[in-house]
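In what follows, a single structure is set out as C-alpha cells and then discussed.
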Amino acid sequence: MKKWTFQDRIIAPSLLAADFGRVRDETSRAINSGGDWLHLDVMDGHFVDNISFGPAMIQAVHETNDIFLDVHLMITRPDHFLPRFVEAGADMITVHVEPESDHDVSKTLAAIRAAGCQAGLALNPATPFEEVEPYLDQIDLLLVMTVVPGFGGQSFMAEVMSKVKSAVALREKSGLSYHIQVDGGVGISTAKTAANAGANVMVAGSSTFSAEDMGAAIQAIREA
Ligand code: DX5
Ligand code: ZN
C-alpha cells in the first residue's frame, strides 16, 4: 500500500453519507471516483448522540477493497474495542482526546501503533489545542473536528482553523510529520479554507456521496 505523507493532498469520503444498503458498491464508487482513503465513523450512542456501525462494517468493506481505511472512533471505550477494529482491517485508528473516565490517551495511542495501525488523535471544536499538545509526538494524524461530532451534513466551523495553524507551526518546530485532517462540513469552498490553513486530509461525506457526480465533486475538492 502507498505510504502517505503529510505532503499528500488526501480526500477521504465518509461512508456515513453512503447508501448503507449497498456499502460495497458505495465503496467502489468512492474509489472509482478518486477517493484516496475511506473515512469510517464509528458512533456508540454514548460518546455522541448517534449510532452508526461497528467492526463488522469495516470488515465488510475491507474484504472486497484495499482502499486505506481511516477509522474515526467516537466511542466511550476505545481501548476495549481496539483489537476488534484492528482485526477488521483498519489502517488508521483515530480516538478522541476528550476525557473519559479511564481513558489513558498515551496508552491508547501506543496500543494502536503496537497493533500495526497508524494512530490518530481527534479534538472537538470546543476543545483547546493545548489538550492535544502532549501527544503530538505519538500520532500519525491530528483530526481537527470542524463540526460537533455525531452527524453528517452540518456546517463547517471556520473558527477552528486557528488550531490547524497551531498544529502546522508545532509540526514544523518539532520536526514531526503527522497529517492534519479536517472533518465535518467539508466541500469545495471550505476545503480551500482548510487547505490554506494547512490541513492535508479532507473528510467529505455529504459533499461527495450525495453529489450528482461523485468524481467531479472529489476532483473539485482536490483542486480547491
Ligand atoms: C461527524 C463525522 C463526519 C461526517 C462528516 O460526526 O465525524 O465524518 O461523516 O459528514 P459531512 O461531510 O456530511 O459533514
Ligand atoms: Zn469522522
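Keep in mind that what you see is a predicted model, and the values were worked out from it rather than measured. Atoms within each ligand, like the ligands themselves, are counted from 1 in listed order.
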Inset, instruction - Check the angle between the aromatic planes of Phe47 and His96 and answer parallel, tilted or perpendicular using the 30° and 60° thresholds. - result: tilted
Legend entry - Rounded to 10 degrees, the angle ND1 of His72 makes with NE2 of His39 at the Zn ion (ligand 2): 100°
Legend entry - Residue pair Val71 / Asp41, side-chain heavy-atom distance below 4.5 Å: no
Legend entry - Closest non-hydrogen atom pair between Ala217 and Ala211, with its separation: CB-CB, 3.7 Å
Legend entry - Contact residues of ligand 1 (heavy atom under 4.0 Å), by chain and number: Ser14, Leu16, His39, Asp41, Met43, His72, Met74, Met145, Pro149, Gly150, Phe151, Gly152, Gly153, Asp183, Gly184, Gly185, Val203, Ala204, Gly205, Ser206
Inset, instruction - Kindly compute the distance separating CD1 (Ile31) from CG (Asp66), expressed to the nearest 0.5 Å. - result: 6.5 Å
Legend entry - Closest approach of Leu16 to Ser52 (non-hydrogen atoms, all atoms of both residues): CD1-CB, 3.9 Å
Legend entry - Atom of Asp41 nearest the Zn ion (ligand 2) (restricted to N/O/S, atom name only): OD1
Inset, instruction - Output the atom name for the N/O/S atom of Asp183 with the smallest distance to the Zn ion (ligand 2). - result: OD2
Inset, instruction - From the options His179, Gln7, Gln181, select the one residue that forms a side chain to side chain donor-acceptor pair (under 3.5 Å) with Asn200. - result: His179
Legend entry - From Asn65 atom CG to Arg24 atom CZ, the distance as rounded to the nearest 0.5 Å: 8.5 Å
